[in-house]
Amino acid sequence: MLTHRHIEVFRAVMIAGSVTKAAELLGSSQPTVSRELARMEQGVGFALFDRVAGRLRPTMPGLALFDEVRQSYAGLERVASAAARLRAYKGGQLAVIALPAFSHSILPDAFRRFHDRHPGVSLAVETQESPFLEEWLSAQRYDLGLTEHDAAPAGTRVEPLLQVDEVCVLPDGHALLAKSRIELPDFEGQAFVSLSSSDPYRIQIDEAFAEAGVLRRSIVETPTAVSVCTFVRQGLGLAIVNPLTALDFVGRGLHIRPLARSFPFRVSVVLPEHRPGNPLVGGLMASLREAAGAAESRLASSLDQGTPRSRRSAASR
């Protein structure tokens, strides 16, 4: 009968090239290694080595058997290596689901920061709109989710990450760029680019304009904030969007201004309560908070740069 000890001894002799060196490698004695090797040869029914001038030379069957042993140990070494990476948080994968707006704004910055600390980790990102995003999080299919909602889907908990106000986005040369703050009456008669009619922010914005009695000229309806900013950059109108997306377009034919009316924009992290814990989630959470802080600083700086110089000077005095 072959045992794991026989295989271990055979492998050590093949690697070391002699019984003496194999014994040192195994922390054993030369007689013990010779005895186990002889027992293995008896068990397999053929010679593993030829003894030539006091030295061991592998036989052809011995070499063929060693190929099988080597493959077996390679699989074991891969498992051990994976365990070591996970122990040091240097390997593994994070599964994240987010609204499309977050997959090209806060999430890339957060993962860049995370990847600097854990370069061996990969990220699998799925984008989805509500309510499917919440359903998939409830199904415990992801390690972490990013949403705009405060309420926790079933089987999850929510942690707030960021709250800022939506901003007005304008193209180069627009007359309203002379203003440091845009009021709802300023939109009267203006060409306007909107999100889709079912978007909750679109509904909130439309209600605010209706209450103020302000009529805009709807030019385009499009489903994503990225698309809204792209249309605005082409000079087709102005719009109100989340500042994270708008920041990616600032300086590329698009400008932002704060609104006199507040439309809060929230980012929340959703964590499944019944999915097996991933030790990497805590590190990604820390990076997300860093990225959120950086986004707030960038937003404040961009809005300050949009303030006319005369008003900035008066404010500083």
Side-chain angles (χ1 to χ4, degrees), residues 77-129 133 136-137 140-150 152 156-167 224-226 229-230 241-252 254 256 265-305:
E77 287 165 359
R78 283 197 299 270
V79 172
S81 177
R85 288 196 305 271
L86 289 171
R87 184 167 57 248
Y89 298 164
K90 293 180 180 178
Q93 185 180 72
L94 281 162
V96 175
I97 186 169
L99 292 173
F102 301 145
S103 68
H104 51 72
S105 57
I106 193 169
L107 188 54
D109 182 27
F111 190 68
R112 176 188 60 78
R113 297 168 186 271
F114 177 85
H115 193 261
D116 288 342
R117 304 180 185 112
H118 309 290
V121 177
S122 62
L123 180 69
V125 180
E126 179 78 41
T127 60
Q128 187 55 267
E129 298 283 359
L133 182 144
W136 291 3
L137 283 166
Q140 315 294 302
R141 292 172 59 179
Y142 298 89
D143 296 310
L144 181 148
L146 291 176
T147 181
E148 297 171 339
H149 302 299
D150 297 329
T156 70
R157 72 180 191 275
V158 167
E159 294 188 16
L161 181 66
L162 177 68
Q163 178 170 325
V164 286
D165 282 335
E166 300 229 324
V167 296
T224 68
V226 168
C229 290
T230 302
V241 296
N242 78 78
L244 297 183
T245 300
L247 281 173
D248 287 338
F249 286 81
V250 170
R252 297 189 291 146
L254 183 138
I256 63 174
F265 177 77
R266 299 177 180 87
V267 183
S268 298
V269 177
V270 184
L271 299 166
E273 292 190 315
H274 307 300
R275 181 181 172 89
N278 188 327
L280 299 165
V281 169
L284 183 58
M285 281 288 295
S287 297
L288 280 166
R289 297 198 184 282
E290 291 174 7
E296 283 190 280
S297 297
R298 284 182 58 209
L299 178 60
S301 176
S302 296
L303 291 175
D304 182 64
Q305 290 175 8

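Taking each heavy atom of Ser103 and Pro108 in turn, the nearest pair found is O-CG, 3.3 Å. Asp150 approaches Ser268 most closely through the heavy-atom pair OD1-OG, 3.7 Å. When all heavy atoms of Ala295 and Leu244 are compared, the closest pair comes out as CB-CD2, 3.7 Å. Between Phe102 and Arg266 the shortest heavy-atom distance is CZ-O, 4.4 Å. Minimum heavy-atom separation, Glu166 to Pro243: CA-CD, 4.0 Å. Shown here for Cys229 and Ala246, the closest heavy-atom pair between the two residues is SG-CA, 4.1 Å.
For the atom pair Leu94 CG and Leu280 CG, the distance stands at 5.0 Å (nearest 0.5 Å). The OG1 atom of Thr156 sits 7.5 Å away from the CD atom of Gln140 when rounded to the nearest 0.5 Å. Separating the CG atom in Leu137 from the OG1 atom in Thr147 is a distance of 8.0 Å, to the nearest 0.5 Å. Rounded to the nearest 0.5 angstrom, Leu247 CG and Ser105 OG are separated by 9.0 Å. The distance from atom OG of Ser287 to atom CG of Asp116, rounded to the nearest 0.5 Å, is 8.5 Å.
Side-chain contact between Met285 and Glu159 is present, with heavy atoms from C-beta onward closer than 4.5 Å. By the 4.5 Å heavy-atom criterion applied to side chains, Asn278 and Leu284 are not counted as neighbours. In this structure, His115 and Val121 have side chains that are not in contact, with every pair of non-hydrogen atoms separated by 4.5 Å or more. Put simply, the side chain of Asp165 does not reach to within 4.5 Å of the side chain of Phe265, judged on heavy atoms. When side chains are defined from C-beta on, Glu296 does not count as touching Gln163, because their heavy atoms never get closer than 4.5 Å. Using a 4.5 Å heavy-atom threshold, the side chains of Val167 and Leu299 count as touching. For the pair Arg141/Ile97, no side-chain contact is recorded, criterion being any heavy-atom separation below 4.5 Å from C-beta on. By the 4.5 Å heavy-atom criterion applied to side chains, Thr230 and Phe249 are counted as neighbours.
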Residues Thr245, Asn242; criterion side chain to side chain donor-acceptor pair (under 3.5 Å); working and verdict: CA-CA 6 Å; Thr245 300; Asn242 78 78; 3.1 Å; yes

In sequence, state the C-alpha distance, the side-chain angles, and the governing distance for His104 and Val226, and then conclude on side-chain contact (heavy atoms from CB on, under 4.5 Å). CA-CA 9 Å; His104 51 72; Val226 168; 2.8 Å; yes

The test is salt bridge (Lys or Arg N to Asp or Glu O under 4.0 Å); show your working for Glu290 and Arg112 and say whether it passes. CA-CA 11 Å; Glu290 291 174 7; Arg112 176 188 60 78; over 6 Å; no

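None of Leu133, Leu146, Leu107 except one satisfies the side chain to side chain contact (heavy atoms under 4.5 Å, CB included) rule with Leu99; the exception is Leu133. For the side chain to side chain contact (heavy atoms under 4.5 Å, CB included) with Val96, the lone residue among Leu144, Thr127, Val281 that qualifies is Leu144.
Between the side chain of Arg275 and the main chain of Leu271, no donor-acceptor pair closer than 3.5 Å is present.
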